[in-house]
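By convention in this document, chain letters (A, B, ...) are assigned in the order of the sequence lines, proteins followed by strands, and residues within each chain are numbered from 1.
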Number of protein chains: 2
Amino acid sequence: MNLENAQVQMRKGILEYCILQIISRGEVYASEILDELLNAKIMVVEGTLYPLLTRLKNAELLDYQWKESTSGPPRKYYILTEKGTNFLEGLDDTWIELAESVKSIIAKTQK
Amino acid sequence: MNLENAQVQMRKGILEYCILQIISRGEVYASEILDELLNAKIMVVEGTLYPLLTRLKNAELLDYQWKESTSGPPRKYYILTEKGTNFLEGLDDTWIELAESVKSIIAKTQK
DNA sequence: CATAGTATCTTGCATAACAAAGTACTATAT
DNA sequence: ATATAGTACTTTGTTATGCAAGATACTATG
């Protein structure tokens, strides 16, 4: 148990939310998602992202389409299903509530 | 994979942070922590909290003292160690960064 | 002395994160 | 042509941990 581990733990919970957010903007493939998450300082590696995308696909929140690339191997472009869109709306609320919960606990600490 | 599960997932990551926050205010026993987390709408059950407190104790972030109760069995009162205090400061920063990361991703979605 | 209330601990299962290695395609330099 | 580098997706094995459920144990009360 060290600080780095705890940071990993903390961002785990919101990973799914961020991925759905990114896909909600339009079709995107895994490496692009990976880059954007890293840009936003949300640490994630392939071994986490790919299985997670597969789980979301199996849960019918996502769908994908293979498309050829002019500069490398073919890519899986993901989009949200209708179910995924509804799910994401639920997570929007959850995130807001969670942020408020943390805020309320911090406020009590500082009282 | 359903909405309730995802909410649980989201809360998981910040559980450790909230627990340390609560203990940082002064000595407190597990059931009190449990109540306060539930009050703040952070769902957690005994089977999660007790092993987590034990892990934090083993990592030397927490220490505890048994105290007798006038109305039931004895209680383990937890306090932060110096290491725990430093650790919590690190998590403060992590939480702020994480909230900003999520905010930046949401902002991009709404562009 | 049985029941309820409070408090902590343990067991066993299922899920999931991730490091590491593998597969496979394209572009470019030699 | 072929070796190397870059890109993209997949799989495997280990480890951690969340949690339902049940156990243990103390006190107060009817």
Side-chain angles (χ1 to χ4, degrees), chain A residues 1-19 22-23 27-38 42-59 61-78 98, chain B residues 1-19 22-23 27-38 42-59 61-78 98:
Chain A
M1 169 105 46
N2 55 37
L3 185 57
E4 208 173 308
N5 259 356
Q7 291 171 329
V8 168
Q9 281 300 109
M10 216 188 253
R11 67 153 178 57
K12 264 185 203 174
I14 57 102
L15 190 54
E16 201 173 302
Y17 177 46
C18 290
I19 289 170
I22 291 168
I23 297 174
E27 62 171 25
V28 65
Y29 63 100
S31 297
E32 287 180 315
I33 297 172
L34 200 59
D35 285 347
E36 171 141 6
L37 290 172
L38 294 178
I42 295 169
M43 293 304 125
V44 61
V45 295
E46 292 180 341
T48 301
L49 181 63
Y50 284 98
L52 179 49
L53 287 172
T54 302
R55 282 201 300 282
L56 294 171
K57 167 67 166 62
N58 290 339
L61 302 178
L62 300 182
D63 204 353
Y64 65 77
Q65 229 186 320
W66 282 102
K67 291 199 181 182
E68 286 181 19
S69 163
T70 56
S71 64
R75 299 163 177 170
K76 261 186 180 175
Y77 280 88
Y78 286 92
L98 181 63
Chain B
M1 171 106 48
N2 55 38
L3 185 57
E4 209 172 306
N5 261 355
Q7 292 172 328
V8 169
Q9 283 299 112
M10 217 187 254
R11 279 170 178 144
K12 269 183 198 173
I14 55 102
L15 189 55
E16 200 174 305
Y17 176 46
C18 290
I19 289 170
I22 291 168
I23 297 174
E27 62 171 26
V28 64
Y29 63 99
S31 298
E32 286 180 316
I33 298 173
L34 201 59
D35 285 346
E36 171 142 5
L37 290 172
L38 294 178
I42 295 169
M43 294 304 125
V44 60
V45 295
E46 292 177 343
T48 300
L49 181 62
Y50 284 98
L52 179 50
L53 287 172
T54 302
R55 283 200 300 280
L56 293 171
K57 168 64 166 60
N58 290 339
L61 302 179
L62 299 182
D63 204 353
Y64 65 79
Q65 229 185 318
W66 281 103
K67 292 200 179 181
E68 285 180 21
S69 164
T70 54
S71 64
R75 300 163 176 171
K76 261 186 180 174
Y77 280 88
Y78 286 93
L98 182 63

Close side-chain approach of [X] and [Y], heavy atoms under 4.5 Å:
X: B/L37; Y: B/I19; answer: yes
X: A/W66; Y: A/R75; answer: no
X: A/L52; Y: A/V44; answer: no

Nearest-neighbour nucleotide for the A/V45 side chain, C/dA19, D/dT10, D/dT7 considered: C/dA19

Options D/dC9, D/dG18, D/dA20, nucleotide nearest the side-chain atoms of B/T48: D/dG18

To the nearest angstrom, how far is [X] atom [atom1] from [N] atom [atom2]?
X: B/W66; N: C/dA7; atom1: CH2; atom2: C1'; answer: 8 Å
X: B/L53; N: D/dG18; atom1: CG; atom2: P; answer: 12 Å
X: B/L38; N: C/dA7; atom1: CG; atom2: P; answer: 14 Å
X: B/Y77; N: C/dA7; atom1: OH; atom2: C1'; answer: 11 Å
X: A/Y29; N: C/dC25; atom1: OH; atom2: P; answer: 17 Å
X: A/L34; N: C/dC18; atom1: CG; atom2: P; answer: 12 Å
X: A/E32; N: D/dT7; atom1: CD; atom2: P; answer: 13 Å
X: B/Y78; N: C/dT8; atom1: OH; atom2: C1'; answer: 9 Å

Residues B/E27 and B/K67 bridged, charged N to O under 4.0 Å: yes

Per-nucleotide protein contact string for nucleotides 23-30 of chain D, where B marks a base within reach and S marks sugar-phosphate only (heavy atoms under 4.0 Å, - for neither): --BBSS--

A/I33 backbone acceptor or donor facing A/E36 side chain under 3.5 Å: no

Shortest non-hydrogen contact from A/C18 toward A/I42: SG-CD1, 3.6 Å

Toward the 5' end of DNA chain C, by each residue's nearest nucleotide, B/Y50 or B/K12: B/Y50

Phosphate OP1/OP2 of C/dA17: any A/R55 side-chain N/O under 4.0 Å: yes

side-chain N/O B/T54 vs C/dC9 OP1/OP2, d < 4.0 Å: no

Sugar-phosphate, base or nothing in reach of B/R11, heavy atoms under 4.0 Å: nothing

B/Y77 ring center within less than 6.0 Å of B/Y29 ring center: yes

